[in-house]
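Here, residue 1 is the first one in the sequence, and each next residue gets the next number. The shown structure was predicted, so the numbers you read here are calculated from the model rather than taken from an experiment.
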Amino acid sequence: MSQENVALARKAIDALNALDRRGDFDALLAFLSPDVVWEALEGVPGIGELYRGRAGVREWIELMWENAEEGVHIEIEQITDLGDDRVFIAVVLTARRRGSGVPFEYRTWQIVGFADGLITRRQVFWTRAEALKTAGLRE
C-alpha cells in the first residue's frame with residue numbers, strides 16, 4: 001500500500017498544478033478524505049493555518065490563488081514512503097504576487113497521511129528538521 005500512497009501524493013500534486021489550466025477542483029478534491037485535516041504554513045499573510053474537510057481545502061486553494069497571478073506551481077524535490085500510511089514530501093511552491101507580479105517561492109516539507117486510498121491529513125513545516133522530528137525520523 002505504501003508505494004500506492006506515494007503515487008497518490010504525486011497525482012494529487014499534479015491535480016493541484018493543473019488547476020490553473022482546467023479549474024477542476026473536483027480532480028484534486030477526489031484525492032482527499034471527506035474529513036481531511038489540512039494544515040497550512042504558519043504565518044503566511046492572508047492564509048489561515050488549519051482547514052477541515054474538502055470544502056476547507058477548496059477554501060485554502062482559493063486563498064492561495066487570490067494571492068498569486070496565474071496560480072501557483074508545486075515541484076516535488078523529494079517524496080519518501082514512511083511505511084506507516086504516511087509520506088514525507090519536500091516541495092517548492094512558486095508563483096507571482098497578484099498586483100506586483102513579484103515572484104515568490106516557498107520551500108516546505110510535508111507529512112501526508114492516508115487511509116483507504118485518500119489523504120486524511122497534511123502537515124506542513126517551514127524546516128526539514130521540524131518535519132523529520134514530527135515524523136519520528138533523523139537526518
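Put simply, Val37 and Val112 are part of two different groups of oily side chains (I, L, V, M, F, W, Y) that touch within less than 4.5 Å, one to the next. Cluster annotation: Ile79 is not connected to Leu132 through the hydrophobic network of ILVMFWY side chains, with a link wherever side-chain heavy atoms come within less than 4.5 Å. By the rule that hydrophobic residues join a cluster once side-chain heavy atoms approach within less than 4.5 Å of another member, Ile13 and Leu82 end up as members of separate clusters. Leu41 and Val92 are not part of a single hydrophobic cluster, where members link through side-chain heavy atoms under 4.5 Å apart. Connection of Phe125 to Val87 is not established within any shared hydrophobic cluster, with ILVMFWY side chains joined at heavy-atom distances below 4.5 Å, either directly or through further cluster members.
Side chain of Arg54 to main chain of Leu32: a donor-acceptor pair is present (N/O by atom type, distance under 3.5 Å, no hydrogens or angles). Side chain of Arg86 to backbone of Ala135: a donor-acceptor contact under 3.5 angstrom is found. Using a distance-only test at 3.5 Å, with no hydrogens or angles considered, a donor-acceptor pair links the side chain of Arg96 to the main chain of Gly101. When atom types are taken as modelled, the side chain of Asp81 and the backbone of Gln3 share no donor-acceptor pair closer than 3.5 angstrom.
Heavy-atom minimum distance, Val57 versus Val36: CG2-CG1, 3.8 Å. Minimum interatomic distance between Thr134 and Gln123 (heavy atoms only, all atoms of both residues): CG2-NE2, 3.7 Å. Nearest heavy atom pair, residue Leu118 against residue Ala30, reads CD2-O, 3.3 Å. Taking each heavy atom of Ala131 and Ile111 in turn, the nearest pair found is O-CD1, 3.3 Å. Residues Ala12 and Leu28 share a closest heavy-atom pair of O-CD1, 3.3 Å. Counting all heavy atoms, side chain and backbone alike, Phe114 lies closest to Thr120 at N-OG1, 3.7 Å.
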Pair Glu130-Trp109, side-chain contact (heavy atoms from CB on, under 4.5 Å): steps then yes or no: CA-CA 9 Å; Glu130 185 182 14; Trp109 292 265; over 6 Å; no
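Considering CZ of Arg58 and CG of Asp26, their distance stands at 7.0 Å, rounded to 0.5 Å. To the nearest 0.5 angstrom, Tyr106 atom OH is 12.5 Å from Ile74 atom CD1. Atoms CZ and CD, from Phe88 and Gln110 in turn, are 9.5 Å apart once rounded to the nearest 0.5 Å. Atom CD of residue Glu75 and atom OG1 of residue Thr94 lie 7.5 Å apart, to the nearest 0.5 angstrom. Between the CD1 atom in Ile61 and the CG atom in Leu29 there is a gap of 5.5 Å [rounded to 0.5 Å]. Note: Ile76 CD1 to Asp14 CG = 6.5 Å, rounded to the nearest 0.5 Å.
Hydrophobic cluster membership of Val102, counting Ile, Leu, Val, Met, Phe, Trp and Tyr whose side-chain heavy atoms lie under 4.5 Å apart directly or via other members: none, as it forms a cluster of its own.
By the 6.0 Å contact criterion, CD on Glu42 is open, its count of non-hydrogen atoms from other residues, nucleotides or ligands being 12 or less.
Remark: of the listed residues Arg121, Arg122, Arg52, Arg122 is the sole one forming a side chain to side chain contact (heavy atoms under 4.5 Å, CB included) with Trp38.
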